[in-house]
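The figures that follow rest on heavy atoms only: side chains count, while hydrogens, waters and symmetry mates do not.
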Amino acid sequence: MTTAIFTHPDFLAHDTGPGHPERPERIAVVWEVLDRDEFRGLPRHEAPEAEVEQLRWVHDPAYVDAVLSAVPDNGHVRLDADTVLSPTSRSAILRAAGAVCAAVDAVLDGTAKNAFCAVRPCGHHAEPARAMGFCVFNNVAVGAEHARKRRGLTRVAVVDYDVHHGNGTQAMFWDDADLFFASTHQSPLYPGTGSMRETGVADNIVNAPLPPNAGTVEFRQAMERRILPALEEFQPELILISAGFDAHTRDPLASLNFTGADFEWATRKLVEAANRLCGGRVVSVLEGGYDTLGLAEGCAAHLQALMRA
Ligand SMILES: [Zn+2]
């Protein structure tokens, strides 16, 4: 058993228009990493489309309908200032969420040791009734609910080390003591949420904001002192990772100074926690990462740690 990959050619077709940082090239860079000798043997699966019902577990039904009917026949449609749909987006937005559900199935069925979902668009900013920050549907939250509603799990954790706060996932998990969300992120930075005072209904939300220019030391302290102990206490049955690589020192959208070694370390720590807590069940989902070299370095380090689990 090894790390399974869930992706789909249509993620390249989600066209955000000229000059947009969340561009098709990003997924091509991840596929180039996956084609390297060390990763080429990993089993790859086509991401299925999520069902509308699955999206409605975390999004308002009217929002899901509005998004799907907003996909244009030509040109681009803006759902917010940064979030764009093109005629080819429908398959991508459905498969980005569907990938996580299929990966959860593979890990729970024991056909994969763990899984990485190479998807776009990202999802962690998408709120119950609002597209935000390149995100349309909240892929990782849909996967968490899939594990509970279709697979009988009760307690699911998401750890998010994207450089931006996962406001959407936090909003969806806030009121449910059986859902856990922990995030390291740069503050101040978009979207402006994620203070340490935001703790959810049962201390099930753990935010560890990092100041601009923070790097290895601050990140690892936040993980070791706050996030990993809280995760341990929560006792999840499954750990999902919102794996953004925009905290990499090269990233143009933020100013943290993570390296490939930091992504390897964090992934290893989460895998070790999963081995202790939940039979090693880890499903990772690509979020941000806007510098091609930083994205490639982060993804490769992340995959190496997943494979060594
Ligand atoms: Zn981000």
- Query: For the residue pair H164 and H125, does the interplanar ring angle fall in the parallel (under 30°), tilted (30 to 60°) or perpendicular (over 60°) class?
  - Reply: perpendicular
- Hydrophobic cluster membership, V159 vs L256, 4.5 Å side-chain cutoff: yes
- Note on the structure: Only residue of K269, R220, R308 satisfying salt bridge (charged side-chain N to carboxylate O under 4.0 Å, His left out) with E264 is R308
Ignoring hydrogens and angles, write down the donor-acceptor pairs under 3.5 Å from the side chains of residues 54-62, residues two or more places apart or on other chains.
| residue | atom | partner | partner atom | Å |
| --- | --- | --- | --- | --- |
| Q54 | OE1 | E51 | N | 2.8 |
| Q54 | NE2 | H146 | ND1 | 3.1 |
| R56 | NH2 | D65 | OD1 | 3.0 |
| R56 | NH2 | D65 | OD2 | 3.1 |
| H59 | ND1 | E127 | O | 3.0 |
| H59 | ND1 | P128 | O | 3.3 |
| H59 | NE2 | N138 | N | 3.0 |

- Query: Only one of I5, L303, T3 forms a side chain to side chain contact (heavy atoms under 4.5 Å, CB included) with F39, so which one is it?
  - Reply: L303
- Is the number of heavy atoms from other residues, nucleotides or ligands within 6.0 Å of CZ (R78) greater than 12? no
- Item | Pairwise salt bridge (charged side-chain N to carboxylate O under 4.0 Å, His left out) hits with a residue in residues 95-117, at least two apart | D10-R95, E49-R95, D105-R151, D109-R151
- Please test H124 against T169 for side chain to side chain donor-acceptor pair (under 3.5 Å), starting from the C-alpha separation and ending with a verdict. CA-CA 6 Å; H124 70 154; T169 315; 5.5 Å; no
- Tell me, please, which residues at least two apart from E218 pass salt bridge (charged side-chain N to carboxylate O under 4.0 Å, His left out). none
- About how many Å separate CZ of F181 and CD1 of I205, when rounded to the nearest 0.5 Å? 7.0 Å
- ring pair (Phe, Tyr, Trp, His ring centres under 6.0 Å) contacts in which one or both residues fall within residues 205-229, not counting sequence neighbours: F219-F258
- Calculate, to the nearest 0.5 Å, the distance between atoms CZ and SG belonging to F245 and C299 respectively. 4.5 Å
- Note on the structure: Interatomic distance, SG@C122 vs CG@L286, rounded to 0.5 Å, equals 7.5 Å
- Message: I'd like to know if the side chain of H302 pairs up with that of T267 as donor and acceptor (distance under 3.5 Å, no hydrogens or angles considered).
- Response: yes
- Using a 4.5 Å side-chain heavy-atom cut-off and chaining through intermediate ILVMFWY residues, the residues clustered with Y290 come out as F134, L253
- State, without any angle test, whether H76 and S86 hold a side-chain donor-acceptor pair at a distance under 3.5 Å. no
- With no hydrogens and no angle check, is any side-chain donor or acceptor of Q186 less than 3.5 Å from a backbone partner on S255? yes
- Item | Side-chain heavy-atom pair M223, Y161 within 4.5 angstrom cut-off | no
- Item | Exercise: do E287 and S242 side chains pair donor with acceptor under 3.5 Å | yes
- Query: What residue pairs, at least two apart or across chains, pass salt bridge (charged side-chain N to carboxylate O under 4.0 Å, His left out) with a residue in residues 159-182?
  - Reply: R148-D176, R155-D178
